[in-house]
Amino acid sequence: MTAPQPLIAGNWKMNGLAASLDEAKAVAAGLEGTTARVAICPSATLIAQMAWALKGTPVLIGGQDCHAEASGAYTGDVAAEQLADAGASLVVLGHSERRAGHGETDALVAAKTRAALRAGLEPIVCVGETLEQRKAGEALAVVTAQVRGSLPPELADNAFSVAYEPVWAIGTGLTPTTPEIEEVHRTIRATLIELFGAAGEAVAILYGGSVKPSNAAEILHADEVGGALVGGASLKAADFLGIIRAV
Ligand code: 13P
């Protein structure tokens, strides 16, 4: 089974206004020669405008969350179908900021993942341990349980990625060592193969947490790292392109 094409996805989180589309356009303009798939996941308010602004470019657009239901009385929520309708082709699910701030469980993340598939979106499912869990020697067990609980069997015939984002590395400037990243990614790979058979080998396993141009090459060339999910450094085109070029 050939290695999956690397995916570099920028998670803008709750940042960005219409004026920020210029950064997205600058990313699209700087992609010549890159071998990676590149995605930007802005706030839902920007998806349609970004889809329009980046039309005809290779940059994919993703949502940051979706509801598990296709429609209904869920004030303030966004359905996967609505993300797709606005121009998204991917969606980040189970980010630790959703798990911690909105009480998202593995079961809910799995339900959202099913919703994404129904809408034709490619899920990027996030997992990762807290600092306390790492210090207690529980990182591999926590991540394995999250992968098992968050990935529904329906993913078997669909494109998706898993993002390993240690909670303590997000927005902190701290990153695990390369052997620590490889240990978790190899464990995720084994779990994917256990769940999906040979198809589990074709799933890109992204790393996320304080990825920047200066550490991207080492992280992206580590064993079983198939791309990156980038927060802060994806907000500036020059930094994001620096990471993309490190693939
Ligand atoms: P930072 O790159 O800002 O650490 O954020 C990582 C992240 O949470 C991406 O989803």
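For ligands, and for the atoms within them, numbers begin at 1 and follow the listed sequence. We count residues from 1, following the sequence as given.
For G171, the closest heavy-atom approach to ligand 1 falls below 4.0 Å. By the 4.0 Å heavy-atom criterion, G209 is counted among the residues contacting ligand 1.
Here the side chain of E194 pairs no donor or acceptor atom with the backbone of T191 at under 3.5 angstrom.
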CA sep, side-chain torsions, deciding dist, call: H95, E165, side chain to side chain donor-acceptor pair (under 3.5 Å): CA-CA 8 Å; H95 192 283; E165 299 206 311; 3.0 Å; yes
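The protein non-hydrogen atom at the shortest distance from atom 5 (O) of ligand 1 is K13 NZ, 3.2 Å. Scanning the protein for heavy atoms near atom 7 (C) of ligand 1, the closest one is E165 OE2, 3.2 Å. Atom 3 (O) of ligand 1 has as its closest protein heavy atom G232 N, 2.8 Å. Counting protein heavy atoms only, atom 2 (O) of ligand 1 is closest to G231 N, 2.9 Å.
Residue-to-ligand polar distances keep T172 apart from ligand 1: every N/O pair is separated by 3.5 Å or more. Residue S210 places at least one N or O, backbone or side chain, under 3.5 Å from an N or O of ligand 1.
Both V230 and Y164 belong to a single network of hydrophobic side chains, linked directly or stepwise wherever heavy atoms of I, L, V, M, F, W or Y lie under 4.5 Å apart.
At least one side-chain heavy atom of L235 sits less than 4.5 Å from a side-chain heavy atom of W12.
The proximity of I170 to ligand 1, defined as any non-hydrogen pair under 4.0 Å, involves the side chain as well as the backbone. Contacts with ligand 1 closer than 4.0 Å are made by no heavy atom of S96, backbone or side chain.
With salt bridges taken as basic N to acidic carboxylate O contacts below 4.0 Å, one links D65 and K112. Taking a cutoff of 4.0 Å between a charged side-chain nitrogen and a carboxylate oxygen, R134 and E129 qualify as a salt bridge. Salt-bridge formation is detected for the pair R37/E122: a Lys NZ or Arg NE/NH1/NH2 atom is positioned less than 4.0 Å from an Asp or Glu carboxylate oxygen.
The distance from ligand 1 to the heavy atoms of L229 drops below 4.0 Å at these ligand atoms: 9 (C), 10 (O). Residue A169 approaches ligand 1 through these ligand atoms, each under 4.0 Å from one of its heavy atoms: 4 (O).
A tilted orientation is assigned to the rings of H185 and Y207, their planes being inclined by 30° to 60°.
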